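Computed from a prediction, not measured in an experiment: that's the story for all the values here. All chains are named by letter (A, B, ...) in the order of the sequence lines, taking the proteins before the strands, and each is independently numbered beginning at 1.
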Amino acid sequence: MAGACPTGRGLLVLARGKMKKAPIMGLQALFFYLFAFVAIASAFMVIWARNPVHSVLFLILTFFNAAGLFLLTGAEFLAMILLVVYVGAVAVLFLFVVMMLDIDFAKLRSAALDYAPVGVLIGLILAAELVVVIGGSVISPDIGKTVANPIPDLATRTNTAALGDQLYTTYVYFFQIAGLVLLVAMIGAIVLTLRHRTNIKRQDIAAQVARSPETAVEVVKVKPGQGL
Amino acid sequence: MIAETLSASLHLTSPEISLGIGALVLLMVGVFAGNRSAGLVNSLAILLLIGVAAYVFVTPLDGLAFGGVFKADAFARFMKIAALLAAIVSLFMAGLRAKAEQIDQFEFPVLVVLATLGMMLMISANSLISVYMGLELQSLALYVLAAMNRDSTRSTEAGLKYFVLGALSSGMMLYGMSLVYGFTGNTGFAEIAAALSAETRSLGFVFGLVFVLSGFAFKISAVPFHMWTPDVYEGAPTPVTAFFAGAPKVAAIAMLARIVSSAFGPVVHDWQQVIVFISIASMLLGSFAAIGQTNIKRLMAYSSIGHMGYALVGLAAHSVIGTSGLMIYMAIYVAMTLGAFAIIMCMRTAEGQPSENIEDLAGLSKSNPFMALVLTALMFSLAGIPPLAGFFAKYFVFVAAIEAKLYALAIIGVLASVVGAYYYLRVIKVMWFDDAKGGFAPASAGLKLVYGLSGLFVIAYVLFGSILGDAADAAAKSLF
């Protein structure tokens with residue numbers, strides 16, 4: 001029962017990848033500081049860039065570096081998901097929105113200082129939460145052992161395979177329903193937006209090829225002085 | 001009783017699997033045959049739903065599938081058949097009116113089938129995750145159905161309103177579920193109940209409970225989360241409204257009954273007061289707010305709010321007899337509502353324009369005596385006048401409330417139903433005593449069949465009601 005019961009507990013912890021116990025050294029340290037430095041610098045540029053399109057591009061750079069950090073901790077699945085979902089879909093969507101909507105960013109930015117207190121507050125809350133999470137694992141290092149589906153050793157099983165083990169066995173029921181929900185979303189989007197308009201000129205190659213001089217040209221003999 | 005093997009789990013969920021595969025096949029038929037196949041897909045969808053309903057009826061499946069997240073029992077079978085029948089009748093009526101309502105797309109029956117699948121998953125859900133997944137499958141399909149008639153601004157508005165408020169309520173419910181999970185450590189209903197009876201419940205859990213119940217109250221349009229109902233009912237195409245008023249309510253009530261009696265069973269007093277409150281508020285608002293309505297679809301919306309209040313009386317009792325009363329109430333409510341909507345669909349001027357005002361019914365007793373007779377029976381039944389079906393529905397839930405010593409609830413319920421009788425009687429008065437106005441276009445044979453059967457059901461319920469009552473009693477026991 002304990003193993004078969006999907007309590008929903010293990011997935012998040014599983015995806016987090018393996019925490020490093022040993023101090024980071026050598027090549028790994030080099031890459032860690034590279035990714036971390038570029039990530040922070042480009043995150044800073046996201047809010048600093050004058051051109052909103054540049055902001056989105058810096059955001060993409062941040063995502064790439066975050067993915068690199070995930071790779072270093074052994075969470076290769078999360079790294080790939082970050083690239084596919086955030087860079088492939090979300091950031092491109094941002095880019096579309098920025099380019100298509102006519103927003104006066106200069107005006108928005110001039111009001112940015114008014115929102116600074118709120119931003120600082122949210123930043124403080126996030127920092128406090130980080131402290132709680134990290135503090136929790138420092139105070140009780142065994143906290144990771146209480147999860148229902150513990151992380152397998154990375155040497156024997158990659159976390160993509162371990163996720164697949166859970167997703168396609170214990171959680172297969174939810175996985176299938178999630179598929180149906182997405183299908184409904186797709187049908188809904190098509191039903192509500194696809195419009196077969198009748199009165200527009202659209203190229204119909206079959207009709208064009210099927211034309212012959214008999215059907216396409218009409219020879220009219222105009223009698224002098226009468227017109228058409 | 002948890003199914004050990006995958007094949008045993010698949011066997012337990014075979015009605016749902018057949019419905020899901022059937023929906024995909026219907027989608028393929030529609031995609032390859034183009035939009036002219038809308039009628040064909042509609043008929044196939046009705047056949048599919050009838051087949052699944054018959055399968056659920058003849059094969060008693062019992063047990064837990066997929067590690068306990070899906071539960072098949074007698075309660076689920078009863079509610080599933082009620083939801084499937086409601087979906088079948090709605091789809092049948094929609095097929096007759098599809099052209100006129102501009103919903104003659106092949107996606108319509110596919111979405112109805114997928115929504116019905118979501119309802120079946122909700123009814124059988126035995127863990128918080130499966131509740132949410134089933135609910136989203138159903139709701140997402142319903143949002144699209146509400147906005148199906150894209151050329152009508154009212155339909156689009158109804159869809160958007162339903163979507164925004166539905167997403168909000170789903171968010172509330174999810175937040176509540178996360179609290180329940182956090183404070184009990186599990187998502188499975190049996191495990192939550194075990195955790196709740198093992199230790200005294202914490203304040204955080206109560207917060208979660210209230211949020212979960214608020215989300216459910218939205219889905220069954222109970223006060224104070226009812227605001228969307230009249231607008232969505234009025235704006236959505238009438239066949240869609242008929243569908244909304246029937247099957248989803250059955251599924252949401254069933255899901256609510258299962259979650260409070262199995263997962264939250266050990267903390268009856270915590271949820272009982274919430275249910276009693278929303279029940280009283282719904283009954284009162286359903287009665288008083290309906291008085292001023294002139295549009296019959298809005299009237300039915302307030303009527304459904306009130307009826308959800310009465311159904312919740314049975315749930316508040318938290319007993320076998322209360323749950324059985326709740327199930328009978330839902331079955332009768334669905335039969336009455338579908339009949340009433342069949343008549344609303346017949347309310348069209350000779351030019352085919354919909355005329356949905358209550359005044360338009362004036363003189364119906366002379367122009368179409370049969371329809372007037374059936375509508376009279378349905379309105380008396382909705383008001384709860386003996387010996388019609390609606391009386392027995394109310395009788396069973398009030399008896400359960402009195403046995404559970406919820407006297408205030410029962411008394412307020414009876415008083416609210418007296419007030420509610422006023423606006424049902426007003427419809428009857430307009431039909432029989434007001435001067436005729438225009439009269440309606442002749443009703444199609446299919447709609448006549450639906451409202452005829454519905455009228456027969458409410459009148460003859462006194463004869464065969466014990467069969468339904470026995471089935472509900474047996475099914476209600478499986479929940480406790």
* To do: Could you give me the CA-CA distance, side-chain angles and deciding distance for B:Tyr143 and A:Val184, then say whether side-chain contact (heavy atoms from CB on, under 4.5 Å) is met?
  => CA-CA 10 Å; B:Tyr143 305 147; A:Val184 169; over 6 Å; no
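- Counting only residues at least two apart or in different chains, side chain to side chain donor-acceptor pair (under 3.5 Å) contacts with residues 159-168 of chain B comprise B:Glu157-B:Lys161, B:Lys161-B:Asp231.
- At a 4.5 Å heavy-atom cutoff, the contact between A:Thr193 and chain B is made by backbone atoms alone.
- Of the two parts of B:Leu117, only the side chain, counted from C-beta on, holds a non-hydrogen atom closer than 4.5 Å to a non-hydrogen atom of chain A.
- Taking non-hydrogen atoms and a 4.5 Å limit, the residue list of residues 101-109 of chain B in contact with chain A, ordered by number, reads B:Gln105, B:Glu107.
- Of all the heavy atoms in B:Leu27 and A:Leu183, the pair that sits closest is CD2-CD1, 4.2 Å.
- For B:Asp151, the part sitting under 4.5 Å from any heavy atom of chain A is the side chain, from C-beta outward, and nothing else.
- Between the CD1 atom of B:Ile129 and the OH atom of A:Tyr171 there is a distance of 6.5 Å, given to the nearest 0.5 Å.
- Within the 4.5 angstrom heavy-atom criterion, atoms from both the backbone and the side chain of B:Leu137 approach chain A.
- Using a 4.5 Å cut-off between heavy atoms, B:Leu140 touches chain A through backbone and side chain atoms alike.
- B:Val144 is not listed as a side-chain neighbour of A:Ile187, based on a closest heavy-atom distance of 4.5 Å or more.
- For A:Ala189, no part lies near chain B; criterion is any non-hydrogen pair under 4.5 Å.
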* Asked: Is there a side-chain contact (heavy atoms from CB on, under 4.5 Å) between A:Phe174 and B:Val69 once you walk through the steps?
  -> CA-CA 9 Å; A:Phe174 303 131; B:Val69 299; 3.5 Å; yes
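- What you find for B:Arg150 and A:Leu194 is that their closest heavy atoms are NH1-O, 2.7 Å.
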